Amino acid sequence: MKMRYGFNEIYGWWHFSQGERREEIQRRLRLMDTKVVRVFVFDQPVPDPFNDWHSFEGMLQAILDIGAKPMITFAKFPPPYDRPKNVRDFVSRASEVVWGCIERWGGEEVSQWYWCVWNEPNNLIVGGDLNFDQYRTIYEALSEEILRQLSPYLGKRKAMIGGPAIDGTHRAYWMDWIARLLSEVDERKVGFVSWHCYGDWRPAVPSKSLGLQMWGSPDSPSGEVFETQLLAKTPAYEARARGVARLLDGHSALNVCGELNTMSHHEYYYTLGHNQTLLGAAYYASALIHLIRGGADLEMRWTATAHSDAYGLVYLDGVPSPAALAKQLFAQHVRFGDVISFPANRLELPMLDTIVAHGEGGRISAVFVNTSRNAVKLRPKDYDALLDSCGSLFRLDSTTNDRVVAEKLRGQFVLNGYGIGVICNTGSETIFE
């Protein structure tokens, strides 16, 4: 198991770092083994380090307090994007931020952080719809400056500078950007490559009911058909991660899924809660299994904390959504460094995803994810004979009222509709509330 867990933290940054329930929110993120948290500079509603350094510093310190490292994303500046003065000004402002972080936390610490250049440059609304040549010019200039400041502290380590945080949901040819970044930019300046993938961007209800312009795209299927289609897409994370891994052959950069979620939108009326419900829990857990199978080094769900939106895992009062509880269970039982295996898919259960993990001290765990509305009866030893030693079951499904239920495992169990079941031989160590 080489994949680390992470999040994007955007709209809920104040509650995560300074709010009354920050300790509970941070506790939840620790339970999810959060190792990287992505934040933005010059874009998105986060503290401006020039106008409010105190809040910006507090946000980064909260990330460090949970045992994670920041991924600072520099995006964006107004067009024209190929105007030399605009690029110079952008690099100059970013340089001040890097310098300020080194002054505050020291070069040794900051040299271990991640630095992302831009966000979805191929997306008109999000990133400005740059072409690759424009992006490469910006990347070269900014990565050179970041590398200059970090070099005295790196030793033999590579700077974790990367991009392009490419939109792979809406746009074709997204892999071109990664291939060209790896082939056209100095190897020293590319510590990771980042790509984004959501299940769907269309509303879960008819677009006419919301007065939306679909720009030539059809409405999504409705109701259960849409749900089935969403959950049928999770194997694509494995294919995408594996494809990027092939591009990375011969390179030392990390393979990062920088954004993922069930649906790409902030409003409940648009998503019907699919990012946070049991459906969202099954989608996320299934996507994690496929990212691990595909060779991803880091996953970063959008987003960690909810702020009156339909994205975040943990609500502002620290209460976890079903999707958060699923991640909490998953991360405690499939850990970095574990020896993992993937039992063969059974033809009669194509909706079931499974991963088995063996850890230190003889720990054995298995995660079963049901991506259908139908109940599934499971006998763990059919998947791995060693699972017969597991006596604890943790279950989150349609019968558990959006909470995790701890049970004794007696040979077999049932997952009732969308949900996750975890069995292990270390049940007393699992935090499930």
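Keep in mind it's a predicted model, so treat the numbers as computed, not measured.
Residues Tyr139 and Trp177 keep their aromatic ring centres 6.0 Å or farther apart.
Ring geometry, Trp302 versus Phe40: the interplanar angle exceeds 60°, so the pair is classed perpendicular (tilted spans 30 to 60°). Taking the six-membered ring where the residue is Trp, His307 and Tyr11 present parallel rings, their angle staying beneath 30° rather than reaching 60°. Under the 30°/60° scheme for interplanar angles, the aromatic rings of Phe330 and Tyr5 are found to stand perpendicular. Classified by interplanar angle (parallel below 30°, tilted 30° to 60°, perpendicular above 60°), the ring pair Phe368/Tyr383 is perpendicular.
Between the Asn370 side chain and the Asn374 main chain, a donor and an acceptor come within less than 3.5 Å of each other. Between the side chain of Tyr418 and the main chain of Gly280, no donor-acceptor pair closer than 3.5 Å is present. At distances below 3.5 Å, not a single donor-acceptor pair connects side-chain atoms of Ser95 with backbone N or O atoms of Val91. Under the 3.5 Å distance criterion, the side-chain polar atoms of Gln332 are left unmatched by any main-chain donor or acceptor of Leu31. Looking at Gln112, its side chain does come within 3.5 Å of a backbone N or O of Glu108 through a donor-acceptor pair. Between the side chain of Ser183 and the backbone N or O of Ala179 there is at least one donor-acceptor pair closer than 3.5 Å. Using modelled atom types, one side-chain atom of Asn255 and one backbone atom of Ala241 make a donor-acceptor pair closer than 3.5 Å. In this structure, Asp338 contributes its side chain and Ile340 its backbone to no donor-acceptor pair below 3.5 Å. Here the side chain of Thr430 pairs no donor or acceptor atom with the backbone of Phe432 at under 3.5 angstrom. Distance alone, capped at 3.5 Å, places no donor-acceptor pair between the Asp167 side chain and the Asn122 backbone.
Remark: Arg395 is not positioned above the aromatic ring of Phe413, lacking an NZ or CZ atom under 6.0 angstrom from the ring centre and at most 45 degrees off the axis.
Under the 3.5 Å distance criterion, with hydrogens and angles disregarded, a donor-acceptor pair is assigned to the side chains of Arg157 and Ser111. Judged by distance alone, the side chains of Trp13 and Glu9 never bring a donor and an acceptor atom under 3.5 Å apart. A side-chain donor from one of Thr73 and Arg38 sits under 3.5 Å from a side-chain acceptor of the other. Counting only N and O atoms by type, the side chains of Glu299 and Tyr284 include a donor and acceptor under 3.5 Å apart.
Salt-bridge annotation for Glu109 and Lys69: present, with a side-chain N of the basic residue lying under 4.0 Å from a carboxylate O of the acidic one. Classification of Asp65 and Arg30 as a salt-bridged pair fails, no side-chain N sitting under 4.0 Å from a carboxylate O. In this structure, Glu227 pairs ionically with Arg373, as a charged nitrogen and a carboxylate oxygen lie closer than 4.0 Å. Note on Glu96 versus Arg93: no salt bridge recorded, every NZ/NE/NH1/NH2 to OD/OE distance being 4.0 Å or above. Salt bridge status for Arg136 with Glu140: absent, with no side-chain N to carboxylate O gap under 4.0 Å. The pair Arg4-Asp297 fails the salt-bridge criterion, with no side-chain N (NZ, NE, NH1 or NH2) lying under 4.0 Å from an Asp/Glu carboxylate O. Using a 4.0 Å cut-off between charged side-chain N and carboxylate O, Lys158 and Glu187 make a salt bridge.
Residue Thr262 forms a side-chain contact (heavy atoms from CB on, under 4.5 Å) with just one option from Tyr198, Tyr311, Tyr283, and that option is Tyr283.
Around the CZ atom of Arg188, the shell of radius 6.0 Å holds no more than 12 heavy atoms that belong to other residues, nucleotides or ligands.
Shortest non-hydrogen contact noted between Met263 and Ala204 is CE-N, 3.8 Å. Listed here is the closest heavy atom pair of Gln276 and Ser321: O-CB, 3.6 Å.
Counting heavy atoms from C-beta outward, Arg171 and Glu120 have side chains that stay 4.5 Å or more apart.
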Worked verdict on Asp249 versus Arg246 for salt bridge (Lys or Arg N to Asp or Glu O under 4.0 Å)
CA-CA 5 Å; Asp249 185 39; Arg246 290 182 178 182; over 6 Å; no
Please assess Trp118 against Phe77 for the test ring pair (Phe, Tyr, Trp, His ring centres under 6.0 Å), listing each intermediate value before the final yes or no.
CA-CA 10 Å; Trp118 218 261; Phe77 62 81; 5.3 Å; yes
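Rounded to the nearest 0.5 angstrom, Trp115 CH2 and Ile161 CD1 are separated by 9.0 Å.
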